[in-house]
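Quick notes on the structure that follows.
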Amino acid sequence: MNTFRPFVLWIALSLFVASFAISCSQRVVKSTDKMLAVSIPDKEGATVKGRVYAKGRGLANVAVSDGVEVTTTDENGIYYLASGKKQGYIFISIPGNYEVNTVGNLPQFFKYLQASREVVEVVDFELTPVRNDNHSVVVMTDFHLADRTDDLSQYARFVKDVNGSIQELRAQGKKVYGLTLGDLSWDNYWYSRSFALPEYVLQMNKLNTTVFNTIGNHDNDPYIAGDWDSGAAYRKYIGPTYYSFNIGKIHYVVLDNVEYLNKGGKLGKIGERNYKARVLEDQMEWLKKDLETVQDKSTPIVLAMHVQLNNAPKADQSATQRLDNASELLTVLAPFKRVQVLTGHTHVNYTVENTPNLMEHNIAAVCATWWWTGKNGYTGNHISQDGSPGGYMVWNMSERNIDWYYKGIDKSRDYQFRAYDLNKVKITAAKFAPNSTDAKLKNYTNGYEVASNKNEVLINVWGYDPQWKVNVTENGVPLKVTRVQAYDPLHIVSYAAMRLQDNATPSKGFVTSKSAHFFKATASSANSTLDIKVTDRFGNVYKESMVRPKEFSTKMM
């Protein structure tokens, strides 16, 4: 294979993106000449200074940072920062009811530094006033775009779905923003497929809104060992790997909680791509300083990061911590009365409440099972390992009131659960993988190779948290509903069975996972109709009248 031509194309695309960003920044500087005409005197120790303003007037109390130090603007919008210029940029925490310019969909809340520490640089930020107390955030994670597994054609359906949601939300009077949670690309294919962060940016620009991004473990350069250097491409093409911003009355924080080690990585050689899940000390210290600028501790905090804070809970909702320094992070966040933590990485949905004030939402992937189940020739079910449809979350904020829901791609807003008649669930090679054998398939069927005769129904409620309610009645009589850990049978036949059908071995990390957002009820008859009613924490009701027997197939909802 001739790898030179794709490499040249990649370099050309990279130069185009960089030149586009430079030209836009030049236009911004030109538009601020009137403000720059008023000089700011130097201040001892300050290596960066500047103004934050809108419509020619300085904005007070705007946080400005270099990723280490944090300061705020004075009453005239002027700031001074004693920056060591380690990160190579300065960024602001966009205040509520303001926006910044964008390059494509990338918000330009940061500017790259050009000089050494000995030179005092002037860095100004011009903002635009908006009204965004009433806003929505579309939260998306784990794209894993690599121009393989039919991902780009599937991604086009995702774009259509998200843009439809954005249009609906705007029609409701919402300002709409996007927020990703990492693994935007797939490091293993940066070079072999010539598809990396610049290509992701072009795809992201198809979304009809400004998008704030988060770095994931797969967004680091696989040719480079060490966390800081491997993140250089992300900082170049997307921006800071951690930062904060405000929309309306909500304070958002984006963290990089991946310490990318990549043992053995070097030019021309992909390393082990190994990493630790932790917030590095310098970043934790920055977080403390950033949160000190939020003086009202009743301000809702939305914290975004890639790797999950907690592992998936059991049926009793108990969970272990995943982040190495989770306890320290929880201590830093403890003063705030309402904290929502948004994470990805696992490709499944679950929630964990660490304290009455803090709740984690681990969100299933845009790519579902790494784009496999929706691939051409497969079942067409874009489904995650826990049975969730591949999708995204929509968060609605009005002043300080918050609600949310999970939206499956190509699915109705009301599609919030799937119910199985276990009497009819029997997974055999003859029906689902005729090119394989029952012996091979049994390694993945998790007991579903034998049909049940217990008149049980299994209900997968992927958005569940303990404030949801699941009710089942049979002929008007309530049935006992029990939360259980289970495997989703539709995912088994959509991934593992299809891989065996292709005479391939299912990847260990992609096979069906055991999840605790399942519920069981036992009917008195195999033929009765069951009324299933699921109510979320906000009082929204989702129903199914389950006529039994209910057949099990790859085409079921």
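A tilted orientation is assigned to the rings of His347 and His144, their planes being inclined by 30° to 60°. Ring geometry for Trp372 versus Tyr378: interplanar angle of 30 to 60°, hence tilted. Under the 30°/60° scheme for interplanar angles, the aromatic rings of Tyr223 and Tyr191 are found to lie parallel. Using cut-offs of 30° and 60° on the angle between ring planes, the pair Tyr155 and Phe158 is tilted.
Judged by distance alone, with hydrogens and angles left aside, the side-chain atoms of Gln340 form no donor-acceptor pair with the main-chain N or O of Leu303 at under 3.5 Å. Asp183 contributes no side-chain N or O that, together with a main-chain N or O of Phe143, makes up a donor-acceptor pair within less than 3.5 Å. A donor-acceptor pair under 3.5 Å is absent between the side-chain atoms of His382 and the main chain of Gly390, judged by distance alone. Asn257 places a side-chain N or O within 3.5 Å of a backbone atom of Val307 that can act as its donor or acceptor partner. No donor-acceptor pair closer than 3.5 Å links the side chain of Trp371 to the backbone N or O of Leu152. In this structure, the side chain of Glu328 does not engage the main chain of Glu281 through any donor-acceptor pair within 3.5 Å. Using modelled atom types, one side-chain atom of Thr102 and one backbone atom of Gly104 make a donor-acceptor pair closer than 3.5 Å. Using a distance-only test at 3.5 Å, with no hydrogens or angles considered, no donor-acceptor pair links the side chain of Arg499 to the main chain of Thr505. With hydrogens and angles disregarded, a donor-acceptor distance shorter than 3.5 Å links the side chain of Thr373 to the backbone of Ile383. Remark: the backbone N or O of Ala225 is not paired with any side-chain donor or acceptor of Asp229 at under 3.5 angstrom.
Counting all heavy atoms, side chain and backbone alike, Asp290 lies closest to Val70 at N-CG2, 4.2 Å. Across all their heavy atoms, Trp462 and Pro389 have their closest contact at CE2-CD, 3.5 Å. Between Tyr189 and Ala146 the shortest heavy-atom distance is CB-CB, 3.9 Å. A pairwise comparison of heavy atoms in Ser65 and Leu81 identifies C-CD2, 3.9 Å as the closest pair. In plain terms, the two heavy atoms of Thr72 and Tyr79 that are nearest each other are O-CB, 4.4 Å.
One distance of note links NE2 of His345 with CG of Leu309; it measures 13.0 Å at 0.5 Å rounding. Distance check, rounded to the nearest 0.5 Å: CD1 of Ile363 to OG1 of Thr351 gives 11.0 Å. Remark: Asn213 CG to Asn105 CG distance equals 9.5 Å, nearest 0.5 Å. Atoms OG1 and NZ, from Thr293 and Lys288 in turn, are 15.5 Å apart once rounded to the nearest 0.5 Å. Remark: Lys85 NZ to Asp66 CG distance equals 10.0 Å, nearest 0.5 Å. Note: Asp488 CG to Lys514 NZ = 14.0 Å, rounded to the nearest 0.5 Å.
Of the N and O atoms on the side chains of His517 and Asp386, at least one donor lies less than 3.5 Å from an acceptor on the other residue. Using modelled atom types and a 3.5 Å distance limit, the side chains of Thr73 and Asn61 yield no donor-acceptor pair. The closest side-chain donor-acceptor pair between Asn262 and Ser230, if any, does not fall under 3.5 angstrom. Side-chain contact of Asn381 with Ser494: a donor-acceptor pair under 3.5 Å is present, judged by distance alone. A donor-acceptor pair shorter than 3.5 Å can be found between the side chains of His491 and Thr369. A donor and an acceptor atom, one from each side chain of Asn310 and Glu360, are located under 3.5 Å apart.
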Evaluate Tyr112 against Gln87 for side chain to side chain donor-acceptor pair (under 3.5 Å), listing each step before the verdict.
CA-CA 9 Å; Tyr112 296 107; Gln87 310 281 26; over 6 Å; no

Could you go through Asn163 and Ile166, starting from their C-alpha distance and side-chain angles, then the distance that decides it, and tell me whether this counts as side chain to side chain contact (heavy atoms under 4.5 Å, CB included)?
CA-CA 5 Å; Asn163 284 341; Ile166 291 170; 3.8 Å; yes

What's the verdict on side chain to side chain contact (heavy atoms under 4.5 Å, CB included) for Ile247 and Tyr177, showing C-alpha distance, side-chain angles and the deciding distance?
CA-CA 9 Å; Ile247 306 178; Tyr177 304 86; 3.6 Å; yes

After noting the C-alpha distance and the side-chain angles of Tyr260 and Asp219, does the key distance pass the side chain to side chain contact (heavy atoms under 4.5 Å, CB included) rule?
CA-CA 10 Å; Tyr260 192 74; Asp219 300 321; over 6 Å; no

Residue pair Val302, Val339: steps toward the side chain to side chain contact (heavy atoms under 4.5 Å, CB included) verdict:
CA-CA 6 Å; Val302 176; Val339 180; over 6 Å; no

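Between Lys175 and Glu99 a salt bridge is recorded (basic side-chain N to carboxylate O distance below 4.0 Å). Between Lys49 and Glu121, none of the side-chain N atoms (NZ, or NE/NH1/NH2) sits under 4.0 Å from a carboxylate O, so this pair counts as no salt bridge. We find that Lys86 and Asp282 are joined by a salt bridge, their nearest charged nitrogen and carboxylate oxygen being less than 4.0 Å apart.
Put simply, the side chain of Ser93 does not reach to within 4.5 Å of the side chain of Tyr243, judged on heavy atoms. Counting heavy atoms from C-beta outward, Ile215 and Val258 have side chains that stay 4.5 Å or more apart. Put simply, the side chain of Arg170 reaches to within 4.5 Å of the side chain of Thr209, judged on heavy atoms. Taking the side chain as every heavy atom from C-beta outward, Val279 and Leu287 never approach each other to under 4.5 Å. In this structure, the side chains of Gln108 and Leu106 come closer than 4.5 Å at one or more pairs of heavy atoms.
The cationic group of Arg51 does not satisfy the cation-pi geometry with Phe125, failing either the under 6.0 Å distance to the six-membered ring centre or the 45° limit from the ring axis. Both the sub-6.0 Å distance and the 45° axial angle are satisfied by Arg148 relative to the ring of Trp186.
Checked against the 6.0 Å centroid threshold, Trp286 and Tyr242 count as a close aromatic pair. For Phe245 and Phe109, the distance between ring centers is not under 6.0 angstrom.
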Side chains of residues 133-141: which donor-acceptor pairs under 3.5 Å do they make with residues two or more places apart or in other chains?
residue	atom	partner	partner atom	Å
Asp133	OD1	Asn97	ND2	3.4
Asp133	OD2	Lys249	NZ	3.0
Asn134	OD1	Lys174	NZ	2.7
Asn134	ND2	Gly173	O	3.4
His135	ND1	Asn132	O	2.9
His135	NE2	Tyr252	OH	2.7
Ser136	OG	Asn396	OD1	2.5

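Partner of Arg273 under the side chain to side chain contact (heavy atoms under 4.5 Å, CB included) criterion, out of Asn188, Leu261, Asn217: Asn188 alone. Exactly one of Gln308, Met305, His361 qualifies for a side chain to side chain contact (heavy atoms under 4.5 Å, CB included) with Val341. That residue is Met305.
By the side-chain contact (heavy atoms from CB on, under 4.5 Å) test, Ser165 pairs with Asp161, Tyr392, Lys407, sequence neighbours left out.
Counted within 6.0 Å of CD on Gln167, heavy atoms from surrounding residues, nucleotides or ligands total 12 or fewer; the atom is thus considered open.
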